[in-house]
Number of protein chains: 2
Amino acid sequence: MYNILIIDDDLELTQLLAEYLQQNTFAVVVENKALHGIELVKQGNFDLLLLDVMMPELDGFEVLKQIRSFSTIPVIMLTAKGEDYDRILGLELGADDYLPKPFNHRELIARIKALTRRVDDLSSFNQVQQLDLHGIKIEDASQRAVVNDVEIDLTGTEFQLLSVLMRHAGHILTKDKLSVDVLGRRLSAYDRSLDMHVSNVRKKLSQLGIENIIKTVRGSGYLFKLDAE
Amino acid sequence: MYNILIIDDDLELTQLLAEYLQQNTFAVVVENKALHGIELVKQGNFDLLLLDVMMPELDGFEVLKQIRSFSTIPVIMLTAKGEDYDRILGLELGADDYLPKPFNHRELIARIKALTRRVDDLSSFNQVQQLDLHGIKIEDASQRAVVNDVEIDLTGTEFQLLSVLMRHAGHILTKDKLSVDVLGRRLSAYDRSLDMHVSNVRKKLSQLGIENIIKTVRGSGYLFKLDAE
DNA sequence: GTGAAGTGTAAAGCTTGTGTAAAGGTAGCT
DNA sequence: AGCTACCTTTACACAAGCTTTACACTTCAC
């Protein structure tokens with residue numbers, strides 16, 4: 001699964017874009033604040049960055065410059081201007097590609113794929129991206145979750161579920177969103193499948209001494225806790 | 001030194017382009033005939049291809065298709081048309097980038113550099129001739145795999161499979177990717193050939209006392225383990 | 001309280017992916 | 001042609017793991 005981060009202050013566009021990319025089996029996180037976006041890249045859980053050039057506070061070039069000082073993540077720049085100079089500057093600063101708005105969605109997908117074709121081979125070479133919260137470490141590349149050097153034997157769906165929850169730690173995720181992200185379908189009435197997966201993940205975690213990390217928010221959904229209590 | 005091949009029937013443009021690129025320390029070869037160009041790529045002395053879309057006889061898409069059947073050389077398409085559809089088609093056929101004519105020369109350089117940044121990383125990675133993991137040593141040049149000074153008698157395909165898996169140790173490789181990399185074709189429905197090769201490699205390894213090194217990740221692919229357990 | 005709706009989870013059912021033996025096919029060699 | 005080595009296909013068994021069912025429990029509104 002490909003994790004894409006979008007840094008763009010345009011709420012409407014990012015919303016649309018996220019949906020479209022999700023339909024094309026990419027996992028998407030949207031960040032509307034440039035500074036916050038840099039931090040997200042630092043955490044290192046993304047495979048590709050879509051970066052808007054025109055943003056208040058910090059413009060895209062500055063963001064790119066900062067990101068390139070610590071990361072080689074593939075970057076596609078988005079911009080409203082069609083001017084040569086912008087394109088060239090972006091590319092020279094270390095962007096991999098450039099797409100002028102408004103763009104054809106299919107072209108975006110094609111460009112993402114063209115870039116990932118190259119980078120895929122490279123990824124095993126780059127630092128492995130992993131996420132570590134409350135002593136639970138997950139690694140997408142190998143689909144492994146580890147607690148105190150002990151591997152948790154998760155099924156693919158369970159891993160996916162834990163991964164989505166952890167990536168959104170501290171935020172409630174509705175069952176409907178989880179169902180779409182994890183099982184790839186809308187939640188329908190009387191579908192208890194997701195509940196079962198949550199139950200199973202909890203069971204496996206508790207065998208390793210981890211309890212109450214996935215909280216139920218009755219009527220709303222589930223939540224991976226940020227702070228222990 | 002970077003060797004660039006230009007396939008384009010426009011004599012005037014190619015002349016200019018060649019000079020410009022040479023000034024920027026690239027080595028350039030111009031080929032005005034599409035068919036002849038394919039042969040040049042086959043000989044394999046180029047690092048990057050600039051390919052014109054509009055050509056008599058054979059158009060650029062057809063040329064790209066043929067080249068992609070035997071080579072992963074980075075390709076930037078050049079075309080007079082600015083239409084979305086052309087761009088997308090080119091990218092989906094396996095081009096890495098696309099540049100509409102007339103283009104800014106500095107942008108061309110920037111795009112070439114953006115692409116080579118990625119590919120350079122990759123080639124230095126693939127040039128690793130020897131790999132040694134868990135006591136399994138493989139040597140690409142001689143197509144040999146050795147465990148404790150005992151040679152494993154692998155067929156060409158089996159060696160290739162093991163080599164790809166080991167180069168991506170710790171990362172899940174989808175069956176589709178493995179099929180492309182090892183068997184040279186897309187995985188099609190009910191194709192069990194790859195599974196058989198995995199089975200055979202495992203069998204041969206287990207005869208030498210190595211077990212559970214190639215892990216099945218159900219629904220995702222195979223994985224050469226990084227850490228023993 | 002009482003009923004309704006939401007949630008936890010054991011167990012059963014069922015689909016699908018995978019392992020592998022064996023047969024079939026193909027290319028290269030003598 | 002016949003042989004050999006190897007790749008691919010076929011066939012079947014098996015296991016993994018996703019979903020459904022069923023029932024107990026909790027929470028909340030009235």
Side-chain angles (χ1 to χ4, degrees), chain A residues 1 143-145 151-165 172-207 210-224, chain B residues 143-145 151-165 172-207 210-225:
Chain A
M1 171 69 88
Q143 225 173 89
R144 270 162 28 109
E151 180 165 350
I152 320 172
D153 184 27
L154 297 173
T155 70
T157 306
E158 287 160 8
F159 178 86
Q160 193 60 28
L161 171 63
L162 181 61
S163 165
V164 173
L165 284 170
I172 297 172
L173 289 168
T174 63
K175 287 193 177 190
D176 195 63
K177 175 155 177 57
L178 280 171
S179 182
V180 171
D181 285 5
V182 176
L183 306 176
R185 60 163 187 265
R186 296 292 303 274
L187 189 69
S188 56
Y190 309 115
D191 187 341
R192 309 298 311 284
S193 189
L194 193 70
D195 304 67
M196 280 312 306
H197 291 299
V198 171
S199 172
N200 291 332
V201 170
R202 280 174 172 156
K203 199 195 297 174
K204 288 180 179 177
L205 285 177
S206 82
Q207 279 165 12
I210 298 178
E211 311 259 6
N212 304 323
I213 220 68
I214 300 173
K215 190 180 163 193
T216 303
V217 184
R218 193 185 164 86
S220 300
Y222 294 101
L223 161 75
F224 191 96
Chain B
Q143 299 263 303
R144 272 159 35 100
E151 180 164 351
I152 320 173
D153 183 27
L154 297 173
T155 69
T157 306
E158 287 161 7
F159 176 84
Q160 194 60 28
L161 171 64
L162 183 61
S163 164
V164 172
L165 283 170
I172 296 171
L173 290 169
T174 62
K175 288 192 176 190
D176 194 62
K177 177 156 177 56
L178 281 170
S179 182
V180 171
D181 286 4
V182 175
L183 306 175
R185 59 162 188 267
R186 297 291 303 275
L187 189 69
S188 55
Y190 309 115
D191 187 341
R192 308 299 310 285
S193 187
L194 192 70
D195 304 65
M196 281 312 305
H197 291 299
V198 171
S199 174
N200 291 332
V201 170
R202 279 176 172 156
K203 202 192 296 174
K204 288 180 180 177
L205 286 177
S206 82
Q207 279 165 13
I210 299 178
E211 312 257 6
N212 304 322
I213 218 71
I214 299 174
K215 187 181 163 190
T216 304
V217 184
R218 193 184 166 86
S220 298
Y222 294 100
L223 162 76
F224 191 96
K225 285 194 199 165

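Proteins get letters first, then strands, A, B, ... in listed order; numbering begins at 1 in each.
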Review point. Atom CG of A:N212 to atom P of C:dG8: distance rounded to whole Å?
Key: 12 Å
**Study point:** Distance in angstrom units between B:L194 CG and D:dC6 P, rounded
**Key:** 18 Å
Practice item. Measure from CG on A:L154 to P on D:dG17 and round the result to the nearest Å. Key: 10 Å
**Study point:** Euclidean distance, atom CD1 of residue A:I214 to atom C1' of C:dT9 [Å, nearest integer]
**Key:** 15 Å
Exercise for review: Between C:dT7, C:dT18, C:dG19, spot the one nearest the side chain of A:R218, thanks.
Suggested key: C:dT7
Exercise for review: Among the candidates D:dG17, C:dG8, C:dT18, find the nucleotide nearest to the side-chain atoms of B:K175.
Suggested key: C:dT18
Point to revise | Distance below 4.0 Å between B:K203 side-chain N/O and C:dG19 OP1 or OP2 | key: no
Check your understanding: Would you say the side-chain atoms of B:T174 pair up with the backbone N or O of B:G221, donor to acceptor, closer than 3.5 Å?
Key -> no
Check your understanding: For B:T155 and D:dC7, is the shortest distance between a side-chain N/O and OP1 or OP2 below 4.0 Å?
Key -> yes
Point to revise | Candidate nucleotides D:dT20, C:dT7, C:dG17, ranked by approach to the side chain of A:Y222 - the nearest | key: C:dT7
Check your understanding: Can you name the side chain to side chain contact (heavy atoms under 4.5 Å, CB included) partners of B:K175, sequence neighbours left out?
Key -> B:L187, B:L194, B:D195, B:Y222
Review point. Do B:K225 side-chain atoms and B:N212 backbone N/O form a donor-acceptor pair below 3.5 Å?
Key: yes
Review point. Under 4.0 angstrom, heavy atoms only, what part of the nucleic acid is B:D191 near: base, sugar-phosphate, or nothing?
Key: sugar-phosphate
Review point. Can you check the A:E211 CD to C:dG8 C1' distance for me, whole Å?
Key: 14 Å
Review point. If you pin B:Y190 and A:Y190 to their nearest nucleotides in DNA chain D, which one's is more 5'?
Key: B:Y190
Review point. Which nucleotide, D:dT19, C:dT18, D:dT8, lies nearest any side-chain atom of A:L183?
Key: D:dT19
Check your understanding: After noting the C-alpha distance and the side-chain angles of B:R186 and B:S179, does the key distance pass the side chain to side chain contact (heavy atoms under 4.5 Å, CB included) rule?
Key -> CA-CA 6 Å; B:R186 297 291 303 275; B:S179 182; 6.0 Å; no
Point to revise | From C:dG19, D:dT19, D:dC7, nucleotide with atom closest to B:D195 side chain | key: C:dG19
**Study point:** Toward the 5' end of DNA chain D, by each residue's nearest nucleotide, B:H197 or A:R185
**Key:** B:H197
Point to revise | Euclidean distance, atom CG of residue B:L187 to atom P of D:dC7 [Å, nearest integer] | key: 17 Å
Point to revise | Side-chain N or O of B:S199 closer than 4.0 Å to phosphate OP1/OP2 of C:dT20 | key: yes
Revision key, fill the gap. The salt bridge (Lys or Arg N to Asp or Glu O under 4.0 Å) partner of A:K204 among A:E211, A:E151, A:E158 is A:E158
Check your understanding: Within this structure, what is the CD-to-C1' distance between A:E158 and D:dA16, rounded to whole angstrom?
Key -> 11 Å
**Study point:** Sugar-phosphate, base or nothing in reach of B:S193, heavy atoms under 4.0 Å
**Key:** base
Review point. Which nucleotide in the list D:dT8, D:dG17, D:dT27 gets nearest to the side chain of B:M196?
Key: D:dT8
Practice item. May I ask you to say what A:R192 touches in the nucleic acid, namely base, sugar-phosphate or nothing, with a heavy-atom cut-off under 4.0 Å? Key: base
Point to revise | Trace of the side chain to side chain contact (heavy atoms under 4.5 Å, CB included) decision for B:L162 with B:F224 | key: CA-CA 9 Å; B:L162 183 61; B:F224 191 96; 4.0 Å; yes
Check your understanding: Does A:T216 make a side-chain N or O approach to OP1 or OP2 of C:dG8 shorter than 4.0 Å?
Key -> yes
Point to revise | Closest-nucleotide ordering on DNA chain C, the 5'-leading residue of A:N200 and A:S220 | key: A:S220
**Study point:** Whole-Å distance separating the NZ atom of B:K215 from the P atom of C:dT18
**Key:** 13 Å
